[in-house]
Amino acid sequence: MTRRRWLIVPDTQIRPGVETRHIDWAAQAIVEYRPDVIIHIGDHWDLPSLSTHDAPGSKEAEGRRVKDDIDAGNEAFERLVAPMNAERLRLVYNRKKQWNPECHFFFGNHENRLTRAIFREPKWEGMLTLDAMQTPGFQRHDFLRIVEIDGVKVSHYFANTHSGRPIGGSIDNRLNKIGGSFVCGHEQGLLYGIRQYPGELRRHGLVCGSFYLHDESYRGLQGNSEWRGIVVLNRVQDGDYDVMPLRMPYLREKYELGISFKD
């Protein structure tokens, strides 16, 4: 198997009223970097209307609608894939080498709010479904499904087998419990680590769970300064890869302001 390039879109947490210019930056990066594999790690739809953290009738919950939440995420996802689809058509039209990336979407705990809402109130079954969340061209994976791609385990997060809660701690601790190279989201910021074994065997762990411009009020004044961006993985093969994080300020300067970094 040949080495492949991945592009990872961490948790985008789209909801009505938040800034979404970063979606266009990611879309342009996809076209520029031409990855072989595109992974959206989940929590694209924030679904605040289905949050159980805000009490019914509270100020925070006032005016929220499930349809508005889903429509906002669908519109943003369409913007994410539109430039890629246009580029693929251009290559076909001009009889150039075709580009057909393998695309995966991993449902996160925020999308799972819809599943839990139906479980709590079965009257919504058949009316509210995950199919309403549109991911055109992407293979969809159930919440907490672990999929191995190029020797790397991928999931929205990896759950502790005893408690069901996300495995935390250092990357070394996660490598021990997950049992191989992995990529996940869910957790704000960026964590990366590598374990070297005798010879050329290496195992990598990557946690990247934040790609959005808005701040979360529940995190307070000092809780919204974490790393945010997308991640490119180069030379992915048999669980080995080279990691290249692209921070939000870099993406903005490159794709919105047109600043060149070649000099």
Side-chain angles (χ1 to χ4, degrees), residues 6-33 35 37-51 63-89 101-115 117 128-141 143 154 156 184-188 208-217 224 226-232 245-257:
W6 292 18
L7 189 144
I8 302 167
V9 180
D11 307 29
T12 37
Q13 297 192 358
I14 302 296
R15 62 176 183 257
V18 299
E19 180 58 69
T20 60
R21 301 189 333 270
H22 60 298
I23 297 297
D24 301 314
W25 308 338
Q28 292 179 70
I30 287 172
V31 173
E32 177 172 350
Y33 286 96
V37 178
I38 301 170
I39 291 177
H40 194 313
I41 209 66
D43 278 3
H44 177 77
W45 286 265
D46 189 57
L47 293 180
S49 59
L50 298 177
S51 174
R64 292 175 178 174
R65 297 292 184 271
V66 177
K67 184 179 185 301
D68 293 342
D69 292 349
I70 292 176
D71 288 348
N74 287 347
E75 188 274 337
F77 209 100
E78 180 60 37
R79 281 165 47 206
L80 180 69
V81 301
M84 171 181 68
N85 292 335
E87 176 64 8
R88 292 172 62 191
L89 287 174
E102 178 183 320
C103 301
H104 298 269
F105 180 83
F106 289 80
F107 281 97
N109 54 292
H110 279 254
E111 286 88 12
N112 196 51
R113 287 176 171 177
L114 183 59
T115 303
L128 293 176
T129 71
L130 293 177
D131 291 340
M133 302 178 200
Q134 299 168 12
T135 58
F138 278 64
Q139 183 178 349
R140 294 149 69 99
H141 304 287
F143 176 50
V154 185
H156 180 67
C184 68
H186 183 67
E187 186 176 333
Q188 287 98 340
C208 51
S210 45
F211 182 55
Y212 44 86
L213 289 167
H214 61 272
D215 288 342
E216 299 287 2
S217 59
N224 286 284
E226 75 278 353
W227 179 95
R228 301 179 186 183
I230 62 176
V231 181
V232 174
L246 303 177
R247 292 193 306 132
M248 198 76 84
Y250 173 84
L251 296 172
R252 176 177 179 268
E253 291 171 3
K254 184 175 181 65
Y255 296 115
E256 183 173 291
L257 302 182

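Atoms considered below: every heavy atom in the structure, side chains included; atoms not considered: hydrogens, waters and symmetry mates. For the single chain, residues carry numbers from 1 onward in sequence order.
- For Pro16 against Ala72, the heavy-atom pair with the smallest separation is N-CB, 3.9 Å.
- Of the candidates Leu7, Ile8, Val232, Val232 is the only one forming a side-chain contact (heavy atoms from CB on, under 4.5 Å) with Leu246.
- Legend: residues meeting salt bridge (charged side-chain N to carboxylate O under 4.0 Å, His left out) with Arg140, ordered by chain and number and at least two apart, are absent.
- With a 4.5 Å cut-off on side-chain heavy atoms, Val154 and Trp6 count as touching.
- Residues Trp25 and Met248 are in side-chain contact: their nearest non-hydrogen atoms beyond the backbone lie under 4.5 Å apart.
- Between the side chain of Asn74 and the main chain of Ala132, a donor-acceptor pair closer than 3.5 Å is present.
- Using a 4.5 Å cut-off on side-chain heavy atoms (C-beta onward), Arg228 and His22 make no contact.
- Judged by distance alone, the side chain of Asp69 and the main-chain N or O of Ser49 form a donor-acceptor pair under 3.5 Å.
- Put simply, the side chain of His44 gets close to the backbone of Gly73: a donor and an acceptor are under 3.5 Å apart.
- Rounding to the nearest 0.5 Å gives a distance of 11.0 Å between NE2 of His104 and CD1 of Ile41.
- Scored by the side-chain contact (heavy atoms from CB on, under 4.5 Å) test, Arg247 finds Trp227, Pro249 as partners (sequence neighbours excluded).
- Of the possible donor and acceptor atoms, one in the side chain of Arg113 sits under 3.5 Å from a partner among the backbone N and O of Leu47.
- Note: Trp45 and Phe105 have perpendicular aromatic rings, judged against thresholds of 30 and 60 degrees for the angle between ring planes.
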TODO: Assess whether side chain to side chain contact (heavy atoms under 4.5 Å, CB included) is satisfied between Leu213 and Val18, documenting all intermediate values.
DONE: CA-CA 8 Å; Leu213 289 167; Val18 299; over 6 Å; no
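- At a threshold of 4.5 Å between non-hydrogen side-chain atoms, the residues Phe107 and His156 do not count as touching.
- Pro136 has its side chain within reach of Glu78: a pair of non-hydrogen atoms, C-beta onward, lies under 4.5 Å apart.
- Minimum heavy-atom separation, Gly137 to Cys103: O-CB, 3.6 Å.
- Between the CD1 atom in Ile230 and the CD1 atom in Ile38 there is a gap of 10.0 Å [rounded to 0.5 Å].
- A donor-acceptor pair is defined here as one N or O able to donate and one able to accept, closer than 3.5 Å; such a pair exists between the side chain of His110 and the backbone of Asp46.
- Remark: Glu253 pairs with no residue by the salt bridge (charged side-chain N to carboxylate O under 4.0 Å, His left out) rule, at least two apart or across chains.
- In this structure, Ile14 CD1 and Ile23 CD1 are separated by 4.0 Å, a value rounded to the nearest 0.5 Å.
- Using a distance-only test at 3.5 Å, with no hydrogens or angles considered, no donor-acceptor pair links the side chain of Arg21 to the main chain of Glu256.
- If you take OH on Tyr255 and OH on Tyr250, they are separated by 6.0 Å, rounding to the nearest 0.5 Å.
- The shortest side-chain heavy-atom distance between Leu130 and Phe143 does not fall under the 4.5 Å cut-off.
- The closest donor-acceptor contact from the side chain of Glu111 to the backbone of Asp43 lies under 3.5 Å.
- Residues Gln134 and Phe77 have side chains not in contact (no heavy-atom distance under 4.5 Å, counting atoms from C-beta outward).
- Here CG of Leu80 is found 4.5 Å from CD1 of Ile30. Values are rounded to the nearest 0.5 Å.
- A heavy-atom distance below 4.5 Å is not found between the side chains of Glu19 and Tyr212.
- One side chain, His40 or Thr12, offers a donor N or O that lies under 3.5 Å from an acceptor on the other.
- A pairwise comparison of heavy atoms in Pro10 and Cys208 identifies CB-O, 3.2 Å as the closest pair.
- The distance from the NE2 atom of His141 to the OG1 atom of Thr135 is 10.0 Å, given to the nearest 0.5 Å.
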